[in-house]
2 protein chains.
Amino acid sequence: MQDDPRVPAEIADKIGYQLRNAQLAVFAGFNEQFAALDLRPAQFSLLAVLDAYPGIVQARAGELLGFQKANFTPFVDALERRKLVVRVRLDGRTNGLLLTPAGRALLRRARRLADAHERTVTAGLSPRDRRLLGELLERITAAARRDAAAAARSA
Amino acid sequence: MQDDPRVPAEIADKIGYQLRNAQLAVFAGFNEQFAALDLRPAQFSLLAVLDAYPGIVQARAGELLGFQKANFTPFVDALERRKLVVRVRLDGRTNGLLLTPAGRALLRRARRLADAHERTVTAGLSPRDRRLLGELLERITAAARRDAAAAARSA
DNA sequence: TATTGTTATACTCTATAACTATA
DNA sequence: TATAGTTATAGAGTATAACAATA
């Protein structure tokens, strides 16, 4: 091997490869910024959901973030143990989720970090390019979901 | 909750959230298409690498795909057990990796599936938009890697 | 001494099945 | 009968440390 090997174009040009690389790089930076808060991206997302929808039913919140309900239980447990979130029994089988004051305070700090990280990562893009990127990603996401749903039907 | 809850804009507008959604959707479709071949995206990538660089040293191939060497060993083991890949001892401590005829045959089938999947997912994008998307993702990836490296240095 | 490859290990994330209890 | 929540479990994927053998 004279020269350094490169990922072949047939792979490097694939949308899935490009998306995965970008996502890994962005999440790696996010996790480093958020290490001081001990918050993962999904945890930050739940805090934001609970701020927007105080008292939301646990099952709804989990769906919104793409969780299987079986996995959402220990996920909420961890935040409740840290007193960032509380469950309140709404009826015999339903939990409402609420931020605690500590949860709101942590969310405020997390927002500042997340906004700073967002600015850093998108600094090279004009507002117009950033908007365009979001639209292109949305179109890819929608097309991929249609495809996956069609494949699931025919399987 | 009268209306259906939505992921708050402060999350939905983040580049990381959008990338993750897109990547999950694209990989889900890929995995459904590839279930018949029992091939994951990373396995397909390695087959393509070995086709482009026959005899590449195991450590180089692993680096290229972002593997920790400790994880790459069982990854190669699985493909070798299926007779898609062979290790050849190059010197006392170095393995070269090669496709077997069965590996080449599977790669041919995988390419057809991958190309079809790629066309489906990007069908809504003009060639110009597809190119632009790749460029924007590349810029995001580079910026995120610079940021993560800087954060790691200051930590 | 640095590199290659391996084993052992652990943690996160995700997936399914089965169960309780409640509406 | 369907829904909400939980437990148990298993499989990927990824991370680090430690080691043997070799360059």
Side-chain angles (χ1 to χ4, degrees), chain A residues 1 4-5 16-17 19-21 23-25 27-28 30-32 34-35 38-46 55-81 85-97 148 152 155, chain B residues 1 4-5 16-17 19-21 23-25 27-28 30-32 34-35 38-46 55-81 85-97 148 152 155:
Chain A
M1 209 68 47
D4 277 6
Y17 182 85
L19 287 170
R20 183 181 137 86
N21 266 346
Q23 197 241 312
L24 284 179
F27 270 50
F30 182 100
N31 282 328
E32 272 173 11
F34 272 65
D38 192 20
L39 258 201
R40 317 297 250 107
Q43 294 176 318
F44 172 51
S45 296
L46 179 58
I56 187 174
V57 169
Q58 178 173 321
R60 285 326 118 239
E63 281 169 20
L64 206 50
L65 299 176
F67 275 88
Q68 308 276 339
K69 65 177 180 173
N71 297 326
F72 198 51
T73 293
F75 183 85
V76 174
D77 287 347
L79 294 173
E80 198 171 31
R81 254 183 273 112
V85 163
V86 284
R87 290 173 164 103
V88 293
R89 209 66 179 177
L90 296 184
D91 64 32
R93 71 179 178 188
T94 312
N95 294 333
L97 300 182
Chain B
M1 209 67 49
D4 277 7
Y17 181 85
L19 287 170
R20 183 180 137 85
N21 266 346
Q23 198 242 311
L24 284 180
F27 270 48
F30 183 100
N31 283 327
E32 273 173 11
F34 273 65
D38 191 19
L39 258 202
R40 316 297 251 109
Q43 293 176 319
F44 172 51
S45 296
L46 179 57
I56 187 174
V57 169
Q58 178 173 322
R60 287 324 119 241
E63 280 169 19
L64 206 51
L65 299 176
F67 275 87
Q68 307 277 337
K69 64 177 179 172
N71 298 326
F72 198 50
T73 293
F75 184 84
V76 174
D77 286 348
L79 294 173
E80 198 171 32
R81 256 183 273 112
V85 163
V86 284
R87 289 173 164 103
V88 292
R89 208 67 178 176
L90 297 183
D91 65 30
R93 69 177 179 188
T94 310
N95 295 333
L97 299 182

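In what follows, every chain begins at residue 1, and chains take the letters A, B, ... in the order their sequences are listed. Small disclaimer: the values here were computed from a predicted structure and weren't measured.
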Can you identify which nucleotide, out of [options], has its nearest atom closest to the [X] side chain?
X	options	answer
B/A59	D/dT6, D/dT22, C/dG5	C/dG5
A/V57	C/dT6, D/dT14, D/dA4	D/dA4
B/R93	C/dC13, D/dA4, D/dA21	D/dA21
A/D91	C/dA23, C/dG5, C/dT14	C/dA23

- prompt: Considering heavy-atom distances to DNA chain D, does A/D77 or A/L24 have its closest nucleotide positioned more toward the 5' end?
  reply: A/D77

- prompt: Hey, does A/T94 reach any base, or is it just sugar-phosphate, or nothing, if we go heavy atoms under 4.0 Å?
  reply: sugar-phosphate

First locate atom [atom1] of [X], then atom [atom2] of [Y], and finally report the distance between them rounded to the nearest 0.5 Å.
X	Y	atom1	atom2	result
A/Q68	A/E63	CD	CD	11.0 Å
A/L39	A/F30	CG	CZ	7.5 Å
A/N95	A/I56	CG	CD1	12.5 Å

Nearest whole Å is fine: how far is [N] [atom2] from [X] [atom1]?
X	N	atom1	atom2	value
B/L90	C/dG5	CG	P	8 Å
A/F72	D/dT3	CZ	P	19 Å
B/I56	C/dG5	CD1	P	11 Å
A/E63	D/dG5	CD	P	10 Å

message: Counting only side-chain nitrogens and oxygens, does B/R60 get under 4.0 Å of the OP1 or OP2 atom of C/dT4?
response: yes

- request: Kindly say if A/R87 contacts the phosphate of D/dT6, meaning a side-chain N or O under 4.0 Å from OP1 or OP2.
  value: yes

Output one line per pair: protein atom, nucleotide atom from nucleotides 16-20 of chain D, and distance, for all N/O pairs under 3.5 Å.
none

message: Can a donor-acceptor pair be found, under 3.5 Å and without considering hydrogens, that links the side chain of B/R89 to the backbone of B/G92?
response: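 Pair found, side chain donor or acceptor close to backbone of B/G92.
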
side-chain contact (heavy atoms from CB on, under 4.5 Å), paired with B/L97, selected from B/R60, B/E80, B/Q58: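 Testing B/L97 for a side-chain contact (heavy atoms from CB on, under 4.5 Å) against B/R60, B/E80, B/Q58 leaves exactly one candidate, B/Q58.
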
